[in-house]
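Inspection log for the structure reproduced underneath, given as structure tokens.
Note that the coordinates shown come from a computational prediction; the quantities given were computed from them, not determined experimentally.
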Amino acid sequence: MLDALTVATAVAALALAAWCGWAAYRDQPTKDWHFIGMAVVSLLAVIQLVVGIVQLARGEKPEQGTTIFVAYLVGAFACIPAVGLMSLTERTRWGSITVAAGGIVLAVLEVRLYDIWGG
């Protein structure tokens, strides 16, 4: 895996979590700007998914197994879109809290992906 991409995705996810956490603290739902932030973080996750699949197709193997690596890769890809959809259904501060929690989960998934690959 590309270490810089993993770090960038994790940092962007934590920044999104802090931003949405601040909105929740101010008793605000997710707004259009938050969805733009979610799109940026999701784009990084898509790029990471493509890079991971390409590396697997080239014959490179993660240290802890391909199956668990692909499972974490797909989970990281789906994390932010899933919480974004949930925040659309909950148009209160709890929607912002949901996205903040999703950002933290994505950052943890990134650390785990790094460990699985052998970092």
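- Ile97 and Leu85 fall into different hydrophobic clusters, where Ile, Leu, Val, Met, Phe, Trp and Tyr residues are linked whenever their side-chain heavy atoms come under 4.5 Å apart, directly or through other members.
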Sequence neighbours excluded and cut-off under 3.5 Å, please list the side-chain donor-acceptor pairs for residues 102-111, or say none.
unit_1 : atom_1 : unit_2 : atom_2 : d
Glu110 : OE1    : Gln48  : NE2    : 2.8

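- The side-chain heavy atoms of Arg91 and Thr30, taken from C-beta on, include a pair separated by under 4.5 Å.
- Looking only at side-chain heavy atoms (C-beta outward), Gln55 and Trp117 come within less than 4.5 Å of each other.
- No side-chain heavy atom of Tyr114 sits under 4.5 Å from any side-chain heavy atom of Val7.
- Legend: residues meeting salt bridge (Lys or Arg N to Asp or Glu O under 4.0 Å) with Arg26, ordered by chain and number and at least two apart, are absent.
- Under the 3.5 Å distance criterion, the side-chain polar atoms of Ser96 are left unmatched by any main-chain donor or acceptor of Thr92.
- Residues Val99 and Leu88 fall within the same hydrophobic cluster, defined by Ile, Leu, Val, Met, Phe, Trp and Tyr side chains chained together at heavy-atom separations under 4.5 Å.
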Can you give me every donor-acceptor pair (side chain of residues 34-43, partner residue at least two apart or in another chain, under 3.5 Å) with its distance?
unit_1 : atom_1 : unit_2 : atom_2 : d
His34  : ND1    : Lys31  : N      : 2.8
Ser42  : OG     : Met38  : O      : 2.8

* Stepwise side-chain contact (heavy atoms from CB on, under 4.5 Å) check, Val70 with Ile53 -> CA-CA 8 Å; Val70 171; Ile53 290 171; over 6 Å; no

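- Counting all heavy atoms, side chain and backbone alike, Ala76 lies closest to Leu113 at CB-CD1, 4.1 Å.
- Rounded to the nearest 0.5 Å, atoms CG (Asp115) and OH (Tyr72) are 9.5 Å apart.
- Contact of the Val83 side chain with the Ser87 side chain is not registered, since no non-hydrogen atoms from C-beta on lie closer than 4.5 Å.
- Atom CD1 of Ile68 is separated from atom CG of Leu73 by 12.5 Å, given to the nearest 0.5 angstrom.
- The side chain to side chain donor-acceptor pair (under 3.5 Å) search around Thr66 returns none, not counting sequence neighbours.
- Leu56 and Ile116 fall within the same hydrophobic cluster, where Ile, Leu, Val, Met, Phe, Trp and Tyr residues are linked whenever their side-chain heavy atoms come under 4.5 Å apart, directly or through other members.
- Residues that satisfy the side-chain contact (heavy atoms from CB on, under 4.5 Å) test with Phe77, not counting sequence neighbours, are Val46, Leu49.
- With values rounded to the nearest 0.5 angstrom, Thr98 atom OG1 is found 8.5 Å from Trp94 atom CH2.
- Checked against salt bridge (Lys or Arg N to Asp or Glu O under 4.0 Å), Asp27 has the following partners two or more places apart in sequence or in another chain: Arg93.
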